Novice: 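Could you have a look at this structure, given as structure tokens, before my questions?
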There are 2 protein chains.
Amino acid sequence: MSNLISIKSATLSEDIAQQLISAIVQGHIPQGSKISEPELAKQYGVSRGPLREAIVKLEGLGLVTRTANIGARVIKLNIQDMLDTFTMREALEGMAARLAAITMQTEEVRSLYALLDKHQAYLDDNQDEHYVQQGGNDDFHLRIIHASGNAKLIRLLTEELYAVIRMYRRHTADQRNDPRQALREHRAILDAIANHEGDLAELLMRRHISRASQLLKQAMEQTVLASPP
Amino acid sequence: MSNLISIKSATLSEDIAQQLISAIVQGHIPQGSKISEPELAKQYGVSRGPLREAIVKLEGLGLVTRTANIGARVIKLNIQDMLDTFTMREALEGMAARLAAITMQTEEVRSLYALLDKHQAYLDDNQDEHYVQQGGNDDFHLRIIHASGNAKLIRLLTEELYAVIRMYRRHTADQRNDPRQALREHRAILDAIANHEGDLAELLMRRHISRASQLLKQAMEQTVLASPP
DNA sequence: AAAAACAAAACTGTCGACAATCCCACTTGA
DNA sequence: TCAAGTGGGATTGTCGACAGTTTTGTTTTT
């Protein structure tokens, strides 16, 4: 039975990779579970060839680990890996903010202020509920990253790291996170960018991400992540 | 005819990936050239299955770009991509230096000073010739990266980015680079780490890499990188 | 002679099958 | 009873072949 819905790409391998990424990030394939090639091949209605290529790609994204002659397993989320990942984000997005501060045009600055106003209005209207910015054009962080103009940085952050980051966000209900506080921090970062203060923009972005990682850590410590073996 | 020499790994796909990485980095497969699956399969004496998996992996490493139904091409080196890559390095290795400064033990500090003394002695004995630190345990940068203790950072820098970085280093004869100056900078970075001055260590590492990238840029501007199409 | 149309060759994407390895349950021996 | 050994079943790694697309070379047309 074919589960290959909607996402029609040029090649089967691509399709399946996207499907698997989505399934893993959303927890449909549980963390730590084994990836059975025959099972998934039957499930998606394809042969093992393209499926294996997709798995190799997932390994590159850090979503699964592979062992020769044994197979692939979905990664297990844990606090240390999360902190390590967010430390990298801190360095990279901090740099992105710095670059954005140097090069951003007034038109883009205005557009970003408008975006933050939109977020503000959403919070006012929806009793501080989280604004669902699922990686689209409404995500402040993604906008800053793209504004950096550094193609390598953009690819790394938006294509390679984002899957894992979203996985961490999704699997811990971080209620702790105060969206109004986050919005204030976003505004401060944008102010620095608007004034072309690269140092400050980087510093603020780093603090912002560091705070988020600490909150996520606390949330993970309370969430029972995985039953002990 | 089989070209699979020496590097015997658990799986053919792994072997071929390593062989291809080496061939591309060392320029044996020229940049911009097309990767022909039948040709390479025959050359390495394997079928197209494992070869394709290796190519998918190379794509993840950013060494080749793939287009559906057309195939893979080795990347073309150019100044902008190099600068973008080194900017990322700046952010990441700067962070690595900061982390190393926080956590490094006195024993490891001593060992690194000994390494720098060794480099010094080599320069004295060999008329300032470059010390060949081909990614081994004698590479100061790799030592710092590992000392960061951040597994994700280590993997990204040493497994994913290093191939491309080495490719840039190898394809431009940057005679401009003064090894004694580099060594002085290494020593300053290590001093900061020894004193557990994270801010300073990060700053110095960033400057060090920034300087190297500027030198490499000048070298690339003079080197005729590729004949214009 | 240059451009468009067409046909054949080559290449990539995909599939099913075989070989090698691993896993698990069962048996055997102390 | 428990440890080691053993055999069958399942899974991964690899291969050769077919289908669809792209490329190339030729022919035809203007």
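Nothing here was measured: the structure is a model prediction, and the numbers come from that model. Chain identifiers are assigned alphabetically (A, B, ...) following the order of the sequence lines, protein sequences preceding nucleic acid strands; residue numbering begins at 1 within each chain.
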Novice: Give the first and the last nucleotide of DNA chain C, reading 5' to 3', that has any atom under 4.0 Å from a heavy atom of chain A.
Specialist: C/dT14 to C/dC23
Novice: What residues form a salt bridge (Lys or Arg N to Asp or Glu O under 4.0 Å) with B/Glu39, not counting sequence neighbours?
Specialist: none
Novice: For DNA chain D, which residues in residues 58-70 of chain A have a heavy atom at a distance below 4.0 Å?
Specialist: A/Ala68, A/Asn69, A/Ile70
Novice: Compute the bend angle of the helix from C/dA1-D/dT30 to C/dA30-D/dT1 from the end axes (five pairs per end), rounded to 10°.
Specialist: 10°
Novice: For B/Arg170, check salt bridge (Lys or Arg N to Asp or Glu O under 4.0 Å) against everything at least two apart and list the hits.
Specialist: none
Novice: Who passes side chain to side chain donor-acceptor pair (under 3.5 Å) against A/Glu90, sequence neighbours left out?
Specialist: none
Novice: With sequence neighbours excluded, tell me which residues meet side chain to side chain donor-acceptor pair (under 3.5 Å) with A/Gln80.
Specialist: A/Asp84
Novice: Checking B/Glu160 now: which residues fulfil side chain to side chain donor-acceptor pair (under 3.5 Å) with it, not counting sequence neighbours?
Specialist: B/Arg155
Novice: Quick one: salt bridge (charged side-chain N to carboxylate O under 4.0 Å, His left out) pairs with a partner in residues 92-104 of chain B, sequence neighbours left out?
Specialist: B/Arg89-B/Glu93, B/Arg98-B/Asp199, B/Arg98-B/Glu202
Novice: Which residues pass the side-chain contact (heavy atoms from CB on, under 4.5 Å) test with A/Ala72, sequence neighbours left out?
Specialist: A/Ile35, A/Ile55, A/Val64, A/Arg66
Novice: Can you list everything that forms a salt bridge (Lys or Arg N to Asp or Glu O under 4.0 Å) with B/Arg73? Sequence neighbours excluded, please.
Specialist: none
Novice: So, using side chain to side chain donor-acceptor pair (under 3.5 Å) as the criterion, who are the partners of A/Arg110 when residues are at least two apart?
Specialist: none
